[in-house]
Every structure is written in structure tokens, then in C-alpha cells.
Visitor: 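Once you've had a glance at the structure underneath, I'll fire off some questions.
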2 protein chains.
Amino acid sequence: MSQKRATAPDRTPSSNPAVPTGSLVETAYRTLRQRVIDNAWPPGYRALEQELALELGMSRTPLREALVRLQNEGLVEVIPRHGMRVLPVSADDMRDIYQMLTALEAMAAELAARRRLTRAQLKPLLDAAAATEHALNAEDLDAWASADESFHRNLVELSGNRLLVEVARNCADRAHRARAVTLRMRPKPTHSTREHMDVVEKIRAGDARAAFDAQRAHRERGTRELLAILEYHQLKTL
Amino acid sequence: MSQKRATAPDRTPSSNPAVPTGSLVETAYRTLRQRVIDNAWPPGYRALEQELALELGMSRTPLREALVRLQNEGLVEVIPRHGMRVLPVSADDMRDIYQMLTALEAMAAELAARRRLTRAQLKPLLDAAAATEHALNAEDLDAWASADESFHRNLVELSGNRLLVEVARNCADRAHRARAVTLRMRPKPTHSTREHMDVVEKIRAGDARAAFDAQRAHRERGTRELLAILEYHQLKTL
DNA sequence: GTGTACGTTTATGTATACGTTATTACCGCC
DNA sequence: GGCGGTAATAACGTATACATAAACGTACAC
């Protein structure tokens with residue numbers, strides 16, 4: 001994975017254009033974040049501030065502020081005189097991220113179960129779990145991945161803990177690229193899909209301990225699976 | 001808790017002067033962060049960018065960058081035309097933070113126990129636990145609080161998970177003021193101190209499950225205690 | 001061919017300027 | 001006194017300028 005500069009010929013502004021928001025900082029932040037997460041920029045990719053600012057049609061000032069935010073979120077690093085660099089994610093990083101998600105989501109499942117949620121409150125989670133099942137049946141891996149993300153996002157939101165939601169989102173962002181790259185290297189996600197329904201059922205039943213255990217087991221199995229893939233394919237950085 | 005402006009007469013630059021670092025951003029970041037965490041600035045406190053920049057002897061540019069970082073860390077909010085405001089921490093926030101710390105530190109204890117640490121590696125944690133004991137015996141609450149922080153910091157560092165360390169540090173930062181304010185409102189921390197030793201022993205023995213349970217129980221009891229204090233004293237924001 | 005020295009270029013970190021608009025102060029009226 | 005309208009002020013968000021020093025390219029010596 002060699003480092004690429006912003007002058008790489010396959011990069012044009014139109015491939016991920018800035019979508020205007022209320023502020024230039026926000027525009028830059030969202031645009032750049034998207035590029036990192038969706039692998040439009042590969043790991044290690046570099047670009048200078050002035051180049052990015054020109055491309056996004058703004059001065060360096062808001063662009064820098066966006067980069068500071070992205071750096072705080074662990075998605076890029078800002079290197080003096082070398083601009084920004086997309087932070088590669090190593091296998092160790094993935095282990096760390098997955099350990100975090102395991103702890104956070106197990107806690108989220110427990111908190112959700114304790115809250116005695118209504119059918120309406122549980123619906124988005126149930127819908128997401130059902131969507132993973134439909135996608136699996138239709139053998140549509142991309143739809144499955146999207147539904148999987150939705151499941152996990154909805155799960156942490158049901159915890160009612162804002163900080164947990166925020167941190168889990170950042171963990172998911174950091175892992176997103178690796179998830180996408182390895183999506184077709186893994187066995188069919190039969191276990192995952194079944195485990196989703198299991199977690200939902202435990203939450204619905206208000207069984208906090210069982211919900212915790214179910215979600216935790218789900219993430220632990222997923223962690224083992226992913227780390228095995230990274231090792232087997234000798235994927236050092238993603 | 002009324003809002004105070006930067007012109008409050010009891011604030012002078014010398015009470016928490018900027019300590020020069022390699023960059024002005026870093027100087028501002030550390031100075032301001034310290035003021036928030038140590039309650040030099042109370043919850044809700046406001047200050048304008050230009051005022052802070054003047055006080056710290058720099059232009060608004062690096063000052064803004066420092067504020068962006070602090071906002072990302074949940075310590076302040078930046079309000080257009082009103083400058084920055086120290087984010088008050090509500091009882092709900094404290095519940096969220098403690099739930100996070102419970103999940104993260106229990107996981108840290110488990111990971112630490114799994115790593116089969118040497119005596120040398122365990123020493124900082126053991127020393128910190130011993131320090132809480134000594135401070136308790138000497139009836140020195142401030143020393144106890146400091147040792148307690150050291151214990152928790154060392155615990156998460158033993159997890160070997162960098163992301164966990166980073167997130168736990170931020171949770172501790174957010175909770176720091178509330179911890180300090182409530183330090184003398186709680187019973188003598190006899191349980192805490194005994195629990196520290198219990199956790200250390202489980203980690204030393206390499207019993208991951210027991211370490212997880214011990215640290216989790218420790219944090220859960222502490223959570224209940226703190227939330228009860230906040231309710232009893234009608235502390236709405238800290 | 002390799003290493004070093006030197007001059008030039010360039011990408012920052014920071015300061016300052018500028019345009020916009022939210023906020024505040026003031027005034028008149030009821 | 002309270003309310004509404006208007007003008008002035010101020011605090012941004014952003015653009016531009018500037019100083020610094022890192023990085024690069026070239027020439028020369030061994």
C-alpha cells in the first residue's frame with residue numbers, strides 16, 4: 001500500500017464533491033470524512049492543505065478546522081509540511097476497536113433491556129435485524145452490510161446513553177473501511193443474522209443479563225472471525 | 001449556578017497561566033483544558049475568543065483550534081457570538097459517563113488479566129492501590145482522590161488497548177469536576193479501597209472473568225453512590 | 001557513485017483584515 | 001413600564017498576508 005499524493009490522476013473533484021452545508025467547516029468535514037470512511041482515499045493517502053482547500057473551493061482556514069476534527073476522531077493525521085494522511089488501520093487497531101465495540105454494545109444491550117422499551121421504540125432495531133435476514137436470503141452482501149450497520153447503530157441508540165452512542169459511532173467509523181474490504185472474504189453471515197434476532201429477543205423480554213451476554217457473544221465471535229481473516233490474507237493495514 | 005463572563009473580577013491571568021509548549025495551539029489547549037477540569041472555570045462559564053486570545057497572548061487562530069479540540073472532547077461548547085461556554089455536567093451526564101467507565105474498565109480489567117502481566121508491569125497499579133489505602137488511613141481525602149485517579153488510569157493502561165485508554169481518559173476528564181466537588185459529600189471510601197486491592201489480586205492471578213466482575217462491581221457501587229449524592233444534594237449541574 | 005553544503009522553494013502556524021449578521025442599545029409610542 | 005423598531009456595534013467565519021523553517025534540488029568534493 002504505497003502512499004499516494006493528491007495529484008494522483010484517478011482523483012477528480014467530482015468523484016466525491018463537497019455538498020454545501022451551513023458552514024464551510026462542516027462542508028469540508030463531511031466531505032473528507034466520507035472519503036476516508038468509504039475508501040475513496042486509501043490508507044496512507046496524503047494531501048496538502050492548500051490542495052484540498054483549492055479543490056473544495058475555500059481557504060485553508062475552514063479546511064484546517066475540519067482536519068483538526070478528523071484528527072481528533074482518529075481518521076487522519078496532520079503532519080506539518082506534509083499535509084494530512086489517512087490513518088491506516090492495522091490488525092492491532094482492529095482488535096482494539098472490536099474490543100471497544102464489544103464492551104460498548106454489550107453494555108448498550110443491557111441498558112436497552114433494562115429500559116422496558118415499547119414496540120414502537122424497538123421497531124427500528126427489529127427492522128434492521130429483519131433486513132439483515134432478508135439480505136442474507138437474497139444473497140445481497142452489500143445490503144446485508146448496510147443492514148448490519150443499521151442494526152448496531154440502532155442498538156447503541158436504544159441504550160439511552162449519548163456518550164456511548166458518540167463513542168460507538170467513532171469506533172464504527174474507524175472500522176468501516178476494514179469492514180468493507182473484508183466483506184467478501186468472510187463466510188456467509190448466517191451466524192450474525194441469527195445472533196441479531198437473538199439479541200433483539202432478549203432486549204424485548206427485558207432480560208438485561210441475557211441481552212448483555214448475547215450481544216457480547218455476537219461481537220466476540222465477529223472479532224475472532226475478522227482477526228482470522230486479517231491474518232489469513234496477511235492484511236497488515238487497511 | 002449563574003453564568004459568568006470573562007470579565008468576572010476574581011479571574012486574573014496569573015491564576016492559571018499559559019505554560020509555553022512547542023505550539024500556541026497546544027499551549028492554549030492545555031491551559032484551557034486544565035481550567036475546565038480543575039473547576040477554575042465553573043460550569044456554564046463563558047469567555048469570548050478575543051478575550052481569551054488576548055489573555056493568552058496570541059491571535060484568535062490558534063485559540064480557535066484549541067477550542068475546537070476541547071469541544072470535540074465534550075468539555076466546552078463554542079457558541080457563535082457568545083464565545084465558548086464550559087459545558088455543565090448534569091446528573092444524567094454523570095450517569096452516562098459512569099456507565100461508560102463501568103463498561104470500559106471492566107473490559108480493561110479482563111484484558112489485563114488475560115495478558116499475564118509481570119510483577120514490574122503490575123507495580124504501578126499495585127502502588128496506586130496501596131496509595132489509596134495509605135491515604136485512607138491518613139484520612140487525607142485529597143491524596144486519596146489523586147491515588148484513586150492513578151489507580152483507574154493505570155488499570156486502563158494495562159489493557160493494552162490504546163483506544164480504550166484514550167476514551168477512558170476523556171470520560172475521566174468529563175467527570176473530574178463532579179468528582180472533586182462531591183469528594184467530601186461521600187462516605188469514607190473504605191469500600192473503594194478494598195475493592196481496588198480485590199481487582200489487583202484478580203488481575204495478578206490471571207482470572208479474567210473475576211477481574212471483569214470485580215472491577216464492574218466496583219464501578220457500579222461507585223455509580224450508585226455518586227448518583228445518590230447528586231440527588232440528595234439536589235445537584236443539577238456540575 | 002556517494003555524501004555534504006548551500007541556496008531556493010514551499011507548506012506550514014500564526015497574525016491580521018474583511019464582510020456578514022446577530023446582538024445590543026436607544027428611542028419613541030402606548 | 002413594556003413593546004416595537006431602528007441604528008450601531010461587535011463577534012464571529014473566513015480570506016489573505018507574513019514569517020519561519022523544513023524540504024528539495026543542485027553543485028562540488030572525494
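None of these values were measured; they are calculated from a predicted model. Order of the sequence lines fixes the chain letters, A, B, ..., with proteins taken first and strands second; residue numbering starts at 1 for each chain. Quick note: numbers below take in every heavy atom, side chains included, and nothing from hydrogens, waters or symmetry partners.
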Visitor: Let me know, please, whether A:T61 or A:M84 comes out on the 5' side of the other along DNA chain C by nearest nucleotide.
Guide: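 Checking each residue's closest nucleotide, the 5'-ward one belongs to A:M84.
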Visitor: Side chains of B:N154 and B:S150: do they bring a donor and an acceptor to under 3.5 Å?
Guide: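 Present: a donor and an acceptor within the cut-off.
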Visitor: OP1 or OP2 of D:dA15 sitting under 4.0 Å from any side-chain N/O of A:S59?
Guide: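 It does, given that an N or O in the side chain of A:S59 lies less than 4.0 Å from OP1 or OP2 of D:dA15.
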Visitor: Roughly how many Å is it from CE in B:M58 to C1' in C:dT16, rounded to a whole number?
Guide: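 After rounding, the reported distance stands at 16 Å.
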Visitor: Under 4.0 Å between a side-chain nitrogen and a carboxylate oxygen: does that hold for A:E26 and A:R69?
Guide: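 Between A:R69 and A:E26 there is a salt bridge, with a charged N closer than 4.0 Å to a carboxylate O.
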Visitor: Please state whether the phosphate of C:dT12, meaning OP1 or OP2, lies under 4.0 angstrom from any side-chain nitrogen or oxygen of A:H82.
Guide: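 Negative; the distance criterion is not met.
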Visitor: Mind calculating the distance between CG (A:L52) and P (C:dT12) to the nearest angstrom?
Guide: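 One finds 9 Å between P of C:dT12 and CG of A:L52, rounded.
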Visitor: With a distance cut-off below 6.0 Å to the six-membered ring centre and an angular limit of 45° from the axis, does A:R219 pair with A:Y98 as a cation-pi contact?
Guide: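 Judged by the rule, A:R219 and A:Y98 form a cation-pi pair.
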Visitor: Where the side chain of A:R60 is defined as all heavy atoms beyond and including C-beta, which of D:dC12, C:dG13, D:dA15 is the nearest nucleotide?
Guide: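 Nearest listed nucleotide: C:dG13.
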Visitor: Between B:R114 and B:E110, does any side-chain N to carboxylate O distance fall below 4.0 Å?
Guide: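 Here B:R114 pairs with B:E110 in a salt bridge, since their nearest N and O are under 4.0 Å apart.
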Visitor: How many whole angstroms separate atom CZ of B:R85 from atom C1' of D:dA11?
Guide: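 Checked: the CZ to C1' distance equals 18 Å.
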Visitor: Can you tell me the distance, in whole Å, between the CG atom of A:L54 and the C1' atom of C:dA11?
Guide: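 Distance check: A:L54 CG to C:dA11 C1' gives 13 Å.
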Visitor: Identify each atom pair where a protein N or O and an N or O of nucleotides 7-10 of chain C are less than 3.5 Å apart, giving names and distance.
Guide:
| residue | atom | partner | partner atom | Å |
| --- | --- | --- | --- | --- |
| C:dT10 | O2 | A:R81 | NH2 | 2.5 |

Visitor: Answer yes when B:R153 and B:D148 have at least one side-chain N-carboxylate O distance shorter than 4.0 Å, and no when they do not.
Guide: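 Salt bridge flag = no for B:D148 with B:R153.
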Visitor: Are B:E55 and B:R35 ion-paired here, with the side-chain N under 4.0 Å from a carboxylate O?
Guide: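 Counted as a salt bridge, because a side-chain N and a carboxylate O are separated by less than 4.0 Å.
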Visitor: Less than 4.0 Å between a side-chain N and a carboxylate O, is that true for B:R174 and B:D93?
Guide: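 A salt bridge is absent here (no side-chain N lies under 4.0 Å from a carboxylate O).
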Visitor: Taking the side chain of B:E49 as its heavy atoms from C-beta onward, which of C:dT14, D:dG13, D:dT16 lies nearest to it?
Guide: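 Looking only at heavy atoms from C-beta outward on B:E49, the closest nucleotide is D:dG13.
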Visitor: From the options C:dT23, C:dT14, C:dA15, select the nucleotide whose nearest atom is closest to the side chain of A:R64.
Guide: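 My answer, after comparing the listed nucleotides, is C:dT14.
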Visitor: Could you tell me how far apart B:L24 (CG) and D:dT20 (P) are, to the nearest whole angstrom?
Guide: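 The distance from CG of B:L24 to P of D:dT20 comes to 13 Å, rounded to the nearest Å.
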